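On a predicted model such as this, the values are computed, not experimentally measured, just so you know. Reckoned from all heavy atoms, side chains included, excluding hydrogens, waters and symmetry mates.
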Amino acid sequence: MIKNLFFKTVFLTSLVACFYFISCNKSVRDNDNETQSSQDFTTAEFMFGDLFTQMDVVSSVQADVNRPNPPANTVASSCATVTVNPALPNPTYPKTMTLNFGTTDCIGPDGVKRRGILTIVFSGKYRTAGTVITISTNNYHINDYSVQGTETLTNMGLNSNNNPYYTENISNGIITTPTGGIIDWQAQCTREWTAGSATPIVITDDVYLIRGNITGSSTTGNTFSASILNPLQLTNGCRYVESGIVQMTPLHLSTRNIDYGSGACDNLATVTINGVNYNITLN
C-alpha cells in the first residue's frame with residue numbers, strides 16, 4: 001500500500017510539473033515580444049553575406065581566377081591587398097586568393113569598415129560549372145564585429161531559369177559583437193544569380209536570390225532555426241537585404257517572420273510575432 005501511494009504521489013507531482021511547464025511556455029509564447037534573436041539573425045546574415053560580396057567583387061575583375069585582361073572596376077574595395085598563388089601565367093588550379101585588409105579599419109566604397117584577412121581557394125575558374133570556392137577568415141572584422149567561419153560555394157552551372165547558381169554552405173560561423181555577445185550561425189542555402197551575369201565586369205547590376213535554411217543561437221544564448229519563405233534579394237549595389245521573408249523559431253518562443261520589404265535599399269525590416277509588427281534596424 002505504501003509503495004503504491006509513493007508511486008501515485010510521484011506520478012501526480014510529475015503530471016502537475018508537466019502541466020505547469022506547458023502552461024508557462026504557452027504564456028511566454030502568447031506574450032512574446034522578443035526581437036533580439038531577429039536582430040541578431042539580420043546581423044549575422046549581413047556579416048556572412050559580406051564574405052561572398054568581397055570574394056565576388058574582386059574575383060570578377062581578377063584575371064587569375066576569372067578571365068584574361070578584365071578592365072579595372074572601381075567597386076572592388078581599394079582597402080584590400082590582393083594576391084593570387086599560383087599567379088598567371090601559371091594556369092594551375094587550385095589557386096589561393098588572399099584579400100588582406102590590414103590590421104586597422106579601412107572604410108570601403110560601401111561605407112563599411114573592414115580589417116583582417118580573407119583566404120579564398122578556387123578549384124577552378126569562378127564562372128566555370130563545378131568550381132568549388134572556399135572562403136575562410138583570419139582575424140576578420142566588419143564594423144568591429146569579429147567574423148569567424150568557413151563559407152563553401154559550388155558553381156552548379158545553370159538552373160531551370162537559365163541563371164547561374166551556387167550552393168552556399170556556412171560552417172562554424174561565429175559572430176562576436178563589439179560588446180562581447182556571441183551569435184552562432186550555420187547555413188545551407190542556394191544563391192541564384194538572377195541579373196548581371198551577362199555583364200561580369202559591371203558589379204553593381206548583379207542581383208542574387210538566396211533560398212535555404214539556417215540554424216544557430218542569438219546573443220542571449222537562445223537557439224533558433226529558420227527557413228527562407230520568400231527568397232532574399234541582394235544586389236552588389238546595396239549593403240542590405242532588399243526584399244524577402246524569413247520564418248524564424250527561437251527555442252520556447254513563438255515563430256516569427258522577418259520581412260525585409262519589397263525591394264528598396266534601406267536598413268529597415270519588420271518582425272511579426274503573433275500578429276504584432278515590430279520594426280528593427282539592420283546593421
Side-chain angles (χ1 to χ4, degrees), residues 43-44 46-128 131-153 155 166 168 170-178 191 193 196 199-206 208 234-240 283:
T43 296
F46 166 69
M47 299 294 167
F48 284 107
D50 186 72
L51 303 188
F52 176 88
T53 300
Q54 296 310 302
M55 179 278 297
D56 187 35
V57 297
V58 175
S59 299
S60 294
V61 297
Q62 188 70 36
D64 295 274
V65 296
N66 188 26
R67 65 184 183 83
N69 303 316
N73 189 295
T74 58
V75 175
S77 176
S78 59
C79 292
T81 300
V82 181
T83 57
V84 179
N85 185 35
L88 291 177
N90 188 333
T92 304
Y93 282 90
K95 292 184 182 292
T96 299
M97 183 167 71
T98 302
L99 309 185
N100 190 337
F101 291 86
T103 57
T104 58
D105 285 330
C106 182
I107 300 177
D110 54 3
V112 176
K113 296 187 301 181
R114 297 178 180 87
R115 66 181 186 269
I117 297 172
L118 294 180
T119 301
I120 307 164
V121 179
F122 295 81
S123 70
K125 285 187 177 294
Y126 178 36
R127 292 170 60 87
T128 300
T131 290
V132 177
I133 305 167
T134 304
I135 309 171
S136 56
T137 63
N138 181 0
N139 203 26
Y140 188 63
H141 290 75
I142 305 171
N143 290 337
D144 294 323
Y145 287 75
S146 168
V147 183
Q148 301 174 61
T150 301
E151 181 169 357
T152 303
L153 300 124
N155 187 327
Y166 300 80
E168 184 174 21
I170 297 169
S171 58
N172 302 316
I174 300 175
I175 303 290
T176 304
T177 72
R191 178 181 287 261
W193 196 351
T199 55
I201 60 172
V202 180
I203 306 301
T204 53
D205 67 349
D206 289 356
Y208 296 94
L234 299 96
T235 72
N236 280 343
C238 178
R239 60 183 282 190
Y240 304 108
N283 286 316

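- Closest non-hydrogen pair, F46 versus I142, comes out as CE2-CG2, 4.0 Å.
- Put simply, NZ on K113 and CG on N143 are 6.0 Å apart, with the number rounded to the nearest 0.5 Å.
- D110 pairs by the side-chain hydrogen bond (donor to acceptor under 3.5 Å, both in side chains) definition with R114, not counting sequence neighbours.
- V147 is listed as a side-chain neighbour of I175, based on a closest heavy-atom distance under 4.5 Å.
- Side-chain contact check for T83 versus N85: every heavy-atom pair is 4.5 Å or farther apart.
- F101 contributes atom CZ, which lies 12.5 Å from atom CG of N138 (distance to the nearest 0.5 angstrom).
- For the residue pair G111 and R239, the shortest heavy atom distance occurs at O-NH1, 4.5 Å.
- Listed by chain and residue number, T43 satisfy the side-chain hydrogen bond (donor to acceptor under 3.5 Å, both in side chains) test with N283 (two or more places apart in sequence, or in another chain).
- The list of side chain to side chain donor-acceptor pair (under 3.5 Å) pairs with a residue in residues 93-106, not counting sequence neighbours, reads D105-R115.
- Every side-chain contact (heavy atoms from CB on, under 4.5 Å) that N90 has, sequence neighbours left out, goes to P86, T92.
- A pairwise comparison of heavy atoms in M97 and M55 identifies CE-O, 4.5 Å as the closest pair.
- To the nearest 0.5 Å, the span separating CD on Q54 from CG on N236 amounts to 9.5 Å.
- Considering every non-hydrogen atom in both G173 and F48, the closest pair reads CA-CZ, 3.5 Å.
- A donor-acceptor pair under 3.5 Å is absent between the side-chain atoms of S146 and the main chain of T176, judged by distance alone.
- Every residue two or more places apart in sequence or in another chain that forms a side-chain hydrogen bond (donor to acceptor under 3.5 Å, both in side chains) with T177 is listed here: T179.
- L153 places a side-chain heavy atom less than 4.5 Å from the side chain of I135.
- Between the CG atom in N155 and the NZ atom in K125 there is a gap of 13.0 Å [rounded to 0.5 Å].
- Every side-chain contact (heavy atoms from CB on, under 4.5 Å) that P178 has, sequence neighbours left out, goes to D144, Y145.
- L118 CG to L99 CG: the interatomic distance, rounded to the nearest 0.5 Å, is 5.5 Å.
- The ring pair (Phe, Tyr, Trp, His ring centres under 6.0 Å) check on F52 picks up Y208, with sequence neighbours excluded.
- Between atom OG of residue S136 and atom CD of residue E151 there is a gap of 11.0 Å, rounded to the nearest 0.5 Å.
- Taking the side-chain hydrogen bond (donor to acceptor under 3.5 Å, both in side chains) definition, one finds that Y126 meets it with D56, sequence neighbours left out.
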